[in-house]
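Notes follow once the structure below has been shown.
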Amino acid sequence: MTLSLVRSADVVLEIDLAAIRANFQKVATLVGPEVRVAAVVKSDAYGLGLLNVARTLIEAGCHLLFVANLEEALLLRSCFGGIAIAVFRDEFERFGTWYRSHDLIPVVNNCKELHAVGTAGEGQTYFLNVETGFSRFGLSVDDVTREYLLRTFERYRPSIVLSHLACGDCIWDGTNVLQRDRFRAVYDLLKPTRGSLAASAGVWLGKVYHFDMVRVGSALYGIKNAGMQTNAVQPVTKLRAKILDVRNVPVGEAVGYGATFRTARPSRIAIVGIGYKHGLPWSCANKLFVRLGGYSSPLLGRVSMEYITIDITDIPEGRCNSVTFVDLLSEDFTVNDLATAAGVSPQEVLTRLGAGCTRKYLNLRSPSAAFTAIPSDAGDQ
Ligand SMILES: *Cc1c(COP(=O)(O)O)cnc(C)c1O
């Protein structure tokens, strides 16, 4: 018997797979039947668990998944035979044989990779990434024009041409129009089977940004972008952490590292078993409220590695004993709210919490041995 079987985890990130399914359907409805919805499951599905999330999305009707690198692609392929898997960036020149033997689609990000695709032989499917104003990966518009004149794309045609928006979450930003116009020009020149410009935020920029396919990550996982209407997507995660101890502290005492908080009254303080190791941002210090039953309780002082301290002076004693859990994420206080309080991005909060907490899945249809065999993907109870 292992210890984890006889006691529950102190920190549980609850992941509602039905909510991910609903968010996928929501995006599909928004873009309409002509536009495909590809799912981005990079970074272990933003921390929520690559395999369980991928399975949920495939069941919801998703045909194409994007991952960050070959490792993620191979793990995905080992569980899912029939689905298309594309790799955003990972050494196609060096590992081309791995792509071919596992039926993985490279995203081509520069001319060297483009020519490696050419020498890979007949029928190597690839997606072409074009740089339109983000300055990360992708062929420049000049590269594309040159290769076009050299007739490279006649010899090996990209099945999807994609680009990535810098300011998709800001509806009024002129960068969107600039990028869209540049992308449109490349799209008209190459006439690929599909074009894809929008990620989650781009979905809410309107039809002219959708082209033939959108690539969504954040929206599926319940993260709202600035440009979305309220209630556009539903929350996916809840976060609970256990109260480990309660103590009485006299007035004027320091709480936590750096003594950034001092009690202004005789206080009752609870020590809760979540810290920055679990992904709670250090920048939450003195800024966050956690919920305990119907009560709201402020975080006092800094976030430490394994713990936080909260003020429970105003909460009736019977409500807090050593087995009570506090809520850090709920339907009323989402990843977005936590990120705002901490002054960081919601994607960063989610990927870190997912990596640091015990994950528990709700609405897992047909759980299979393949998934529960992977410790980091296994639920707590
Ligand atoms: C991460 C990523 C996406 C998904 O972005 P979201 O805003 O999370 O939907 C799409 N395309 C590319 C190239 C990405 O790197």
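Throughout, residue positions are numbered sequentially from 1 according to the sequence presented. Whatever order the structure lists them in is the order used to number ligands and atoms, beginning at 1.
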Between R89, K42, R136, R215, flag the one that comes closest to atom 10 (C) of ligand 1 by a heavy atom.
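Ranked by closest heavy atom to atom 10 (C) of ligand 1, first place is R215.
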Contact check, Y46 vs ligand 1, heavy-atom distance below 4.0 Å:
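For ligand 1, residue contact (heavy atoms, under 4.0 Å) with Y46 is present.
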Counting each atom of ligand 1 from 1 as listed, which ones have a heavy atom of V216 under 4.0 Å away?
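Taking each heavy atom of V216 in turn, ligand 1 has 9 (O) under 4.0 Å.
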Which of the atoms of ligand 1 are close to S218, meaning less than 4.0 Å from one of its heavy atoms?
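Contacts of ligand 1 toward S218, numbered from 1: 6 (P), 7 (O), 8 (O), 9 (O).
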Return yes when atom CZ of F95 has more than 12 non-hydrogen atoms of other residues, nucleotides or ligands closer than 6.0 Å, and no otherwise.
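It does: F95 CZ has more than 12 such atoms within range.
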Nearest to atom 9 (O) of ligand 1, what protein heavy atom do you find, and at what distance?
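Of the protein heavy atoms, S200 OG, 2.5 Å lies nearest.
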Residue and atom name of the nearest protein heavy atom (relative to atom 13 (C) of ligand 1), distance in Å to one decimal
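In this structure, atom 13 (C) of ligand 1 has F88 CE2, 3.4 Å as its nearest protein heavy atom.
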May I ask you to check whether F88 and F66 place their ring centers less than 6.0 Å from one another?
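Yes: the rings meet the under 6.0 Å criterion.
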Determine whether the aromatic ring centres of F211 and F183 lie less than 6.0 Å apart.
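Between F211 and F183, the centre distance is under 6.0 Å.
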Does D142 come within less than 4.0 Å of R146, counting only side-chain N to carboxylate O?
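No salt bridge links D142 with R146.
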Can you tell which of W98, F127, Y99 makes a ring pair (Phe, Tyr, Trp, His ring centres under 6.0 Å) with F92?
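Only one option passes, and that is Y99.
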Scan side-chain atoms only and decide if S140 and D143 contain a donor-acceptor pair under the 3.5 Å cut-off.
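Yes, a side-chain donor-acceptor pair sits under 3.5 Å.
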Quick check: does G217 get an N/O under 3.5 Å from an N/O on ligand 1?
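N/O-N/O distance under 3.5 Å: yes.
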